[in-house]
Amino acid sequence: MNMTYFDDMEAKIPRGKVRTRFAPSPTGYMHVGNLRTALYTWLIARNGGGTFILRIEDTDQGRLVEGATDVIYRTMAECGLTHDEGPDVGGPVAPYIQSERRDTYGKYARLLVERGHAYYCFCEKTESEEDSGEWDRAADPCRALSPKEAQARVDAGEPFVIRQRIPETGTTTFHDAIFGDITVDNSTLDDQVLLKRDGLPTYNFANVIDDHLMGITHVVRGSEYLSSAPKYNLLYEGFGWEVPTYVHCSPVMRDQHNKMSKRHGDPSYEDLKAQGYLTEAILNYVALLGWSPRGEQAEREVFSLKELAQVFDIAGISKSPAIFDIDKLTHFNALYLRAMTPEAFHAAAEPYIRQAVKSPALDSRAIAALLQARCERLTEIPEKVAFFETLPPYERGLFTNKKSKTNEEVSRRMLESAISAMEELGEWSQEGIHTCLTELAAKLEVKNATLMWPVRIAAAGQAVTPGGAVEICLILGRDECLRRLRIGLEMLNG
């Protein structure tokens, strides 16, 4: 073969720095394992001062989902996982969509045939048989065809695939940054298809070609690909290329025995966002699913993306599977919500507040201030604050509270006094309401809680509220607050 094309391709390869890639298939949602792979790949590049590449692997045309590529772009952007090269920004080794590189794979497959590391196979074989692994190398007559005979059949227009020619004897050893050296017998490896009858490459072949031609130095993927790594190594050796650093990550599990799966209702990134989790909290938690910081950072859990890029190292990745714990994620989310500035929290919370509180007279900023320390997920907000919009139906039994030393009779007296005092109140402010009620409690010779409990129950109509009686009365406004207190008193008098 004329080697000019291949020499030109080699000359384009960027070298001398860390280069990583995230290479998703546009087949649907971004599940948690995918997000973790993207995150680790991005962190390795950023920690090493290198280049992060986004590559779209769309060679499996039958599984493509319309709009899935947009999900990938949107998720990466929301998460701050910015790519330096990719389909939308270009780069020195474009194109970055596999279907646009179709001619490249065919050339390299034929080069591998010429070098004796692959062969033309004319056998009729269904994809289901191929995927099942029910294939006997010794039984394939095409492996024994002479190059001349095989080429004649190709020239005659006979349909073919190109298969990798695995050595029949000996072993192949590959090194993984997490699992160390792994050796397999070549006799256990199948002559996998590299180029399909339609001229498109298989996933495994396209990966190797693209990773080399894009100068990828670190390949991050799931540990389910460990079994394919020996065949990748043999491809690199067949071409005479340097093998990149393999980083195989153990799976994310839903429990001790089952991997996370959309089929089983496990959440994707977009699902978690819809459930009220912040992107920053999701990323922080996902980073710790199978990785832990070392040294003086070993006990730390909360990291910004920028901080993760500074401390992330491959040696902290665990061999053991990680179990996705939604309660732990919820804990992280609460930490992030409470650490937000009041302005940022209000911006995040307001759409959820307004789902339940429609009246513009009710101040969403004041409501958000009550919620920030009492909220774990944004989606909890509508249920927590709906009482501001409409007083819910409630039972008079709520007025009885042992800790506050109230019963129905005590609560009736408290509300009578509170209504009279608040009707006389000059300025309807937090300080004014607080002073009014605390001075009234002192005058009645009861603890503050004995007065505040029935006022809050009457104002909110529920036992658990974000904020206390003073804050709730302030937000409701004088007229609505007094209206609700009178309703409570009527209930107790009834």
Side-chain angles (χ1 to χ4, degrees), residues 18-48 50-60 63 72 75-76 79 81 83 86 96 98 131 164 172-182 184 189 192 194 201-236 241-253 259-261 268-269 286-287 289-291 312-322 324:
V18 171
R19 288 175 63 83
T20 68
R21 51 73 170 169
F22 176 54
S25 298
T27 54
Y29 64 98
M30 178 83 83
H31 62 70
V32 170
N34 263 359
L35 180 60
R36 186 186 65 170
T37 299
L39 176 60
Y40 285 5
T41 307
W42 185 89
L43 290 172
I44 291 170
R46 295 294 176 252
N47 182 264
T51 299
F52 177 62
I53 298 165
L54 176 64
R55 184 172 78 219
I56 302 298
E57 300 198 338
D58 61 345
T59 54
D60 191 348
R63 295 180 60 232
I72 293 167
T75 301
M76 300 290 280
C79 293
L81 304 181
H83 49 280
Y96 294 90
Q98 282 190 337
D131 293 341
Q164 185 175 4
T172 295
T173 299
F174 68 94
H175 179 78
D176 180 77
I178 312 304
F179 291 89
D181 287 335
I182 298 176
V184 300
L189 306 176
Q192 65 179 344
L194 305 179
T202 57
Y203 170 85
N204 289 325
F205 186 56
N207 256 268
V208 169
I209 301 302
D210 287 342
D211 285 345
H212 174 71
L213 295 180
M214 293 182 179
I216 302 304
T217 59
H218 296 71
V219 174
V220 183
R221 56 180 166 234
S223 58
E224 64 268 25
Y225 291 104
L226 277 170
S227 60
S228 298
K231 293 184 279 191
Y232 297 150
N233 258 41
L234 289 169
L235 286 172
Y236 281 107
W241 295 339
E242 183 179 351
V243 178
T245 299
Y246 295 142
V247 184
H248 287 88
C249 302
S250 292
V252 179
M253 311 288 285
K259 288 176 63 175
M260 287 189 74
S261 166
S268 66
Y269 165 76
V286 167
L289 283 174
W291 173 83
F312 189 86
D313 66 340
I314 293 171
I317 300 176
S318 172
K319 295 180 183 178
S320 302
F324 182 84

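With sequence neighbours excluded, the residues that form a side-chain contact (heavy atoms from CB on, under 4.5 Å) with H218 are V18, T20, I44, T245, I314. Remark: T173 pairs with T183 by the side chain to side chain donor-acceptor pair (under 3.5 Å) rule, at least two apart or across chains. Here S318 pairs with S320 under the side-chain contact (heavy atoms from CB on, under 4.5 Å) rule; sequence neighbours left out. Under the rule for a side chain to side chain donor-acceptor pair (under 3.5 Å), the partners of Y96 that lie at least two apart in sequence or sit in another chain are E85. Every residue was checked against the ring pair (Phe, Tyr, Trp, His ring centres under 6.0 Å) condition with Y269, not counting sequence neighbours, and none meets it. Legend: residues meeting ring pair (Phe, Tyr, Trp, His ring centres under 6.0 Å) with F174, ordered by chain and number and at least two apart, are absent. Among residues two or more places apart in sequence or in another chain, the side chain to side chain donor-acceptor pair (under 3.5 Å) test is passed with N47 by none. H212 is linked by a side chain to side chain donor-acceptor pair (under 3.5 Å) to E10, W241, counting only residues two or more places apart in sequence or in another chain. Applying the salt bridge (Lys or Arg N to Asp or Glu O under 4.0 Å) test to R55 and every residue at least two apart in sequence or in another chain returns E57, D210, D211.
Residues V252 and G33 share a closest heavy-atom pair of CG2-CA, 4.4 Å. Annotation for M30 and S268: closest pair O-CB, 3.5 Å, computed over non-hydrogen atoms. For K319 against I178, the heavy-atom pair with the smallest separation is CE-O, 3.2 Å. Heavy-atom minimum distance, I72 versus P26: CD1-CA, 4.1 Å. N34 approaches F22 most closely through the heavy-atom pair O-CE1, 3.6 Å. Between M76 and A38, the closest heavy-atom pair is SD-CB, 4.1 Å.
The structure places OH of Y236 at 8.5 Å from CD1 of I209, a figure rounded to the nearest 0.5 Å. One finds the OG1 atom of T172 at 7.0 Å from the CG atom of N233 (value rounded to the nearest 0.5 Å). For the atom pair CD1 (I53) and CD1 (I216), the distance works out to 3.5 Å, reported to the nearest 0.5 Å. Here the OG1-CZ distance, from T41 to R19, works out to 14.0 Å after rounding to the nearest 0.5 Å. Distance check, rounded to the nearest 0.5 Å: CG of N204 to CG of L235 gives 8.5 Å. Distance check, rounded to the nearest 0.5 Å: CZ of R36 to CE of M260 gives 11.0 Å.
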Using residues 220-230 as the side-chain source, report each donor-acceptor pair under 3.5 Å to any protein atom, sequence neighbours left out, with the distance given to one decimal.
unit_1	atom_1	unit_2	atom_2	d
R221	NE	H248	NE2	3.1
S223	OG	C249	O	3.4

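Between W291 and F312, a ring centre-to-centre spacing shorter than 6.0 Å is recorded.
Under the 3.5 Å distance criterion, the side-chain polar atoms of Q164 are matched with a main-chain donor or acceptor of K231.
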Applying side-chain contact (heavy atoms from CB on, under 4.5 Å), run through V247 and Y40 and close with a yes or a no.
CA-CA 10 Å; V247 184; Y40 285 5; over 6 Å; no
